[in-house]
Amino acid sequence: MSKSPNIRLSRRRVLQAAGLSALLAGCGTGPASRSSQEITFWHLLTGGDGERMNAIVNKADAELPDAHIKQIVLSWGAPYYTKLAMSAAGGRAPDLGIAHMSRLAGYAPGGLLDPWDLNRLARYGITEQSFTAPAWKSSMVDGKTFALALDSHTFVAFFNTELAGKAGVLESGDKLPEIKTLEDMKNLGREFKKVTGKPYGLSYGFLGDGAQVWRLFWTFYTQHGATFDLTGDKFVYDAEAFGASVEAMRSLVDGDVASKSADYATASSTFLNGDSGLVFSGVWELPQYQDAKVPLGAMPIPNMFGTGVNANWGDSHTFVLPHQDNPDEHRRELAYQAVAAILKNSLPWGGAGHTPAYQPVVNSPEFKALRPNRDYAVTATYLHYDPPSSFTGAASSFMTQFGSIVQNVLIGQTSVKDAVAAFAERVSVLMSKAVQR
């Protein structure tokens, strides 16, 4: 198996990869057990996700005659990524870890991860064809595969089918009418308002939540066919698409069909209580809506800009091999077996709202029977991950900084032009300090 170069990492470089925001207290998690039969698996999945992962791991465990998968659950976010980076740099790396695809650019180039050996994977039925094109392409750095996607989780539109029926906008198969323009979306919200008698027909929580602001923006921006280039000396972006996307967001939250001051919790509760008919949300909210017995439908967020581009924000939980200077090849072989078994048993992951990445599972009759999952699963084939850089991705400060600037447009405190200029200046500073992919 090819190995990453044995790079001596500076403390500064490790902290850059980890996001610069977590305290190092508590990073001395003990070294992974060296029992040849026990595979240590670090992840940050808790709550319902943690329960489902535990069930999947237990089933995979039963299929591994020569190994036991030991899960170690760490705090979500920056603390987890700091510990993962420090473990790889300090010789305390677990056998397996979970990382968001959007964080790969901060880890693989600096030698914090070891690449997957494609020949080894193929022996267990895991190949490029096992994944969607976006997931496979984004898993590669310098021609090597550093991540294996467990899922895709995207930003979509959930809607109340009962309210849609009362409003006369529910079509066969629990579908909404085709939405081609921003005005079509706003008219839909007005129809929901007529039925509920409540102030807003659509819910979108963004106040004080940079991640929510970013998710809808990146969906709109990439639907223009645009992207960010953060790899050179200068921030490259499409100013026209940037402005049009922010203006579309501002238009939606103008106080007519959607609140101009809703936070995440308010938007969710409004939809859960039947006071709005549609909510822009991550697919991870599916269990909450189903538990509340909301008559539920779902769809990808439509392209309302006439560009014909299918695109949406998304990310993936992925399996990674934290760097080890001298890996025990027997344990590593068991790690390959474990990941293959988990991927092949990942159907329950759909219950968390996520779309499993392993294509034989997605194409199975069991997954296709899941509603409304099957109605948004297509987003996995055209999702756009965050632009790759050491300062972007899940649990990074990038989204917070973006949200703090663009939120001021949405609440009417600054202009779109000024927000675009301010963000471009902020990104230029971040790029000057970045670990390049």
Side-chain angles (χ1 to χ4, degrees), residues 45 48-49 51-53 55-60 63 101 124-139 148-162 164-165 170-179 219 278-303 310-319 339-384:
L45 304 167
D49 280 359
E51 293 174 5
R52 289 179 176 86
M53 177 53 68
I56 294 170
V57 167
N58 286 341
K59 189 170 182 181
E63 299 176 5
M101 188 77 81
Y124 301 108
I126 307 299
T127 67
E128 177 180 351
Q129 288 68 42
S130 301
F131 305 94
T132 62
W136 186 258
K137 180 180 179 181
S138 295
S139 72
L148 299 176
L150 167 66
D151 62 35
S152 70
H153 43 274
T154 56
F155 205 57
V156 302
F158 289 105
F159 57 90
N160 186 310
T161 57
E162 183 177 305
L170 188 66
E171 299 184 346
S172 62
D174 286 346
K175 307 284 187 182
L176 293 179
E178 185 177 9
I179 297 171
T219 296
L278 182 146
V279 62
F280 294 126
S281 183
V283 298
W284 51 87
E285 293 295 346
L286 175 64
Q288 177 185 199
Y289 300 150
Q290 290 181 325
D291 289 347
K293 307 300 182 184
V294 176
L296 199 62
M299 66 179 184
I301 295 176
N303 186 321
N310 291 322
N312 60 271
W313 172 89
D315 207 342
S316 296
H317 296 103
T318 74
F319 294 101
V339 167
I342 292 172
L343 289 173
K344 293 174 182 179
N345 286 286
S346 60
L347 177 64
W349 205 237
H354 310 302
T355 301
Y358 186 61
Q359 291 303 286
V361 169
V362 175
N363 294 326
S364 70
E366 292 83 1
F367 180 81
K368 291 181 178 180
L370 296 178
R371 297 290 301 271
N373 308 62
R374 70 185 190 190
D375 295 328
Y376 61 72
V378 66
T379 58
T381 67
Y382 55 69
L383 69 81
H384 284 253

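Please read all numbers here as calculations on a predicted model, not as lab measurements.
Rounding to the nearest 0.5 Å places NE2 of His317 at 10.5 Å from CZ of Phe319. Here CG of Leu343 is found 5.0 Å from CZ of Phe131. Values are rounded to the nearest 0.5 Å. Separating the OG1 atom in Thr379 from the NE2 atom in His384 is a distance of 11.5 Å, to the nearest 0.5 Å. Rounding to the nearest 0.5 Å gives a distance of 6.5 Å between CG of Asp174 and CZ of Phe159. To the nearest 0.5 angstrom, Leu296 atom CG is 8.5 Å from Tyr289 atom OH.
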Would you check, one step at a time, whether the test side-chain contact (heavy atoms from CB on, under 4.5 Å) holds for His153 with Leu286?
-> CA-CA 11 Å; His153 43 274; Leu286 175 64; over 6 Å; no
Take Val361 and Lys344 through the test side-chain contact (heavy atoms from CB on, under 4.5 Å) and record every step on the way to the result.
-> CA-CA 7 Å; Val361 169; Lys344 293 174 182 179; 5.8 Å; no
Show your reasoning for whether side-chain contact (heavy atoms from CB on, under 4.5 Å) applies to Glu285 and Val279.
-> CA-CA 10 Å; Glu285 293 295 346; Val279 62; over 6 Å; no
Run the numbers on Asn312 and Val156 for side-chain contact (heavy atoms from CB on, under 4.5 Å), then give the verdict.
-> CA-CA 8 Å; Asn312 60 271; Val156 302; 5.9 Å; no
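Arg52 places no side-chain N or O within donor-acceptor distance of the main-chain N or O of Trp349, the cut-off being under 3.5 Å. Looking only at distances, no side-chain donor or acceptor of Tyr124 sits under 3.5 Å from a matching main-chain atom of Val339. No side-chain donor-acceptor contact under 3.5 Å links Ser130 to the backbone of Tyr358. Formation of a donor-acceptor pair under 3.5 Å by the Ser316 side chain with backbone atoms of Thr318 is not found in this model. Panel note: side chain Thr161, backbone Pro295; a donor-acceptor pair is recorded below 3.5 Å. Without hydrogens or angle criteria, Asn345 side chain to Lys59 main chain gives no donor-acceptor distance under 3.5 Å.
In this structure, the side chains of Thr355 and Val362 come closer than 4.5 Å at one or more pairs of heavy atoms. By the 4.5 Å heavy-atom criterion applied to side chains, Tyr382 and Thr132 are not counted as neighbours. Using a 4.5 Å cut-off on side-chain heavy atoms (C-beta onward), Pro177 and Glu171 make contact. Between Asp375 and Lys175 there is a side-chain heavy-atom pair separated by less than 4.5 Å.
Across Phe158 and Ser281, no two heavy atoms sit closer than the pair CD1-CB, 4.2 Å.
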